Amino acid sequence: MWWTVRSRWAWILASCGALAMGCEAGELSQLPGEVTLPDYGTPTGDAGPGADLGPMPTGDLGPGVDMGTMPMPDLGPGDPCAGVTCGAGASCSAGSCRCLPGFIDVGGGTCEAIEPGDPAGRTEADVCDAWNAGRVENAVGGGWTEPSDMCDPGTLSAAAIEDTVRRVNMYRWLAGLDPVTDDPSQHAGDQACALMMTRQGALSHDPGTDWACYSAAGAAAAGNSNLALGSRSSPAAIDLYMGDRGVASLGHRRWVLAPRLGQIGIGFAGRGQCLGVFDGSGSSDRSWTSYPNQGPAPIATAQFTWSFHSNAGLRDATVEVRSGGMTLPISVYYPGSTYGRQESIAWDPEGWTPTAGTTYEVTIGNFSGGPITYDVTLIDC
């Protein structure tokens, strides 16, 4: 098992107290082989043990995770949102449509995406407000209603879906990207996918017909999704994807931060989570992003491999990190492939630990879009 992890946003994203990030335990599935997507790049290659992303994986991670005992809320008949259809950027709550996290009501029932802005121009308060609000979870017990039939995928509550969208959009806002929306048309497939991973106690983008609770819909969704096993809730799995500990390709992170990602599919059952990411309907036009993000960045985002993502090729790129007038030692590598339709370069600190209150100057050189220099100031939210 792998161990992983402005003011305006605060009232838009949530009104409840925030949750601490912590170290979420969970597994990520094996990276895919080659797949061709319509106008969405061609992910190829393999990231080694503990990786995920896309279809056609190789190998697995062994035994699964015990689901444990979870409260199972029942939406039951008479759901006030039954039959209610909301427009883009909105979801139903108590029978009415309201704007999703990352969107704002501009009148007439229309929800528009909040302009993400330049991460370098934000204040520390902006970032901490967004970070804490983005970590709110309103769903009880993970939000999954488990049927008596063990092979029935059950349902995921609207609150859990909104919690997941909130978490994804928080990370995208930090990177300066437009928010995404939930795609209800993917619910059935991703829910069936999540159930298969839970019942089988393993992860695969190409599960065989001999898998526990196998379904064609679940298998198809598995081939188009980030997969995680062992998270306590659907939004907690997003933290696993962003940390991508032990995943050399950083594929999960790169899909979540794909500029053209516009809609996501969401499924969660017990301990399995499937996040549909093969979508190109988004319109973000940033030529590059980084993780941790430029400008003020939560210290929690700097605990794992750092990365830079660009539309330009990065195979031969160089990285330099400076702080306090000194060049810091790092281990740089090229993750390969074009997950999220961008290339990446990645690095790990060597002999030093990222510290809150410290500014790190990062320079990416030797590539067609560079050199690019940006500052990351780590803050404790």
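Not measured: the values here are computed from a predicted model.
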Is the shortest heavy-atom distance from the side chain of [X] to the side chain of [Y] under 4.5 Å?
{"X": "H187", "Y": "I161", "value": "yes"}
{"X": "Q200", "Y": "Y214", "value": "no"}
{"X": "C97", "Y": "V84", "value": "yes"}
{"X": "L227", "Y": "C193", "value": "yes"}
{"X": "P298", "Y": "N293", "value": "yes"}
{"X": "L378", "Y": "T358", "value": "no"}
{"X": "L250", "Y": "S344", "value": "no"}
{"X": "R253", "Y": "Y339", "value": "no"}

Ion pair present between E137 and R167, side-chain N to carboxylate O less than 4.0 angstrom?
-> yes

Charged N to carboxylate O under 4.0 angstrom, D239 versus R135?
-> yes

Report yes or no: does [X] contribute a side-chain atom to a donor-acceptor pair with the main-chain N or O of [Y] at less than 3.5 Å?
{"X": "R286", "Y": "D178", "answer": "no"}
{"X": "S204", "Y": "D206", "answer": "yes"}
{"X": "R199", "Y": "M150", "answer": "yes"}
{"X": "D316", "Y": "F367", "answer": "no"}
{"X": "D348", "Y": "S331", "answer": "no"}
{"X": "R271", "Y": "T198", "answer": "no"}

Could you walk me through whether D163 and N138 pass side chain to side chain contact (heavy atoms under 4.5 Å, CB included), step by step?
-> CA-CA 7 Å; D163 288 344; N138 294 319; 3.9 Å; yes

Between the side chains of S225 and D190, is a donor N or O closer than 3.5 angstrom to an acceptor N or O?
-> yes

How many angstroms lie between atom [atom1] of [X] and atom [atom2] of [Y], to the nearest 0.5 angstrom?
{"X": "S290", "Y": "H309", "atom1": "OG", "atom2": "NE2", "value": "7.0 Å"}
{"X": "R341", "Y": "W255", "atom1": "CZ", "atom2": "CH2", "value": "10.0 Å"}
{"X": "N224", "Y": "D279", "atom1": "CG", "atom2": "CG", "value": "11.0 Å"}
{"X": "D149", "Y": "C213", "atom1": "CG", "atom2": "SG", "value": "7.5 Å"}
{"X": "Q342", "Y": "L314", "atom1": "CD", "atom2": "CG", "value": "9.0 Å"}
{"X": "W306", "Y": "Y291", "atom1": "CH2", "atom2": "OH", "value": "11.0 Å"}

Verdict with supporting geometry, E162 and D182, side chain to side chain contact (heavy atoms under 4.5 Å, CB included) = CA-CA 8 Å; E162 186 167 324; D182 165 55; over 6 Å; no

Taking all non-hydrogen atoms of both residues into account, name the closest pair between [X] and [Y] and its distance.
{"X": "I364", "Y": "A317", "value": "CG2-CB, 4.3 Å"}
{"X": "P153", "Y": "Q191", "value": "O-NE2, 3.2 Å"}
{"X": "S231", "Y": "L240", "value": "CB-CD1, 4.1 Å"}
{"X": "A139", "Y": "S157", "value": "CB-OG, 4.0 Å"}
{"X": "G262", "Y": "S281", "value": "CA-OG, 3.5 Å"}
{"X": "P259", "Y": "S284", "value": "O-CB, 3.2 Å"}

Out of curiosity, does [Y] fall in the hydrophobic cluster containing [X] (side-chain heavy atoms, cut-off under 4.5 Å, transitive links)?
{"X": "Y171", "Y": "F268", "answer": "yes"}
{"X": "V247", "Y": "L275", "answer": "yes"}
{"X": "L156", "Y": "Y241", "answer": "yes"}
{"X": "I372", "Y": "I330", "answer": "yes"}
{"X": "V376", "Y": "V319", "answer": "yes"}

Pairs meeting criterion side chain to side chain donor-acceptor pair (under 3.5 Å) with involvement of residues 366-375, two or more places apart =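 Side chain to side chain donor-acceptor pair (under 3.5 Å) check on residues 366-375 returns T363-T373.
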
Pairs in or reaching into residues 301-360: which pass disulfide bond (SG atoms under 2.5 Å apart), with residues at least two apart or in two chains?
-> none

Passes side chain to side chain contact (heavy atoms under 4.5 Å, CB included), T305 versus W347? Steps please.
-> CA-CA 6 Å; T305 297; W347 61 97; over 6 Å; no

When the aromatic ring centroids of W352 and Y360 are compared, is their separation below 6.0 Å?
-> yes

Flag yes if more than 12 heavy atoms outside D380 fall under 6.0 Å of its CG atom; otherwise flag no.
->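 No - once you tally the heavy atoms of other residues, nucleotides and ligands closer than 6.0 Å, there are 12 at most.
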
With sequence neighbours excluded, tell me which residues meet side-chain contact (heavy atoms from CB on, under 4.5 Å) with C128.
-> N132, I379, C381

Could you check F308 against V362 for side chain to side chain contact (heavy atoms under 4.5 Å, CB included), going step by step and ending with a plain yes or no?
-> CA-CA 10 Å; F308 176 90; V362 180; over 6 Å; no

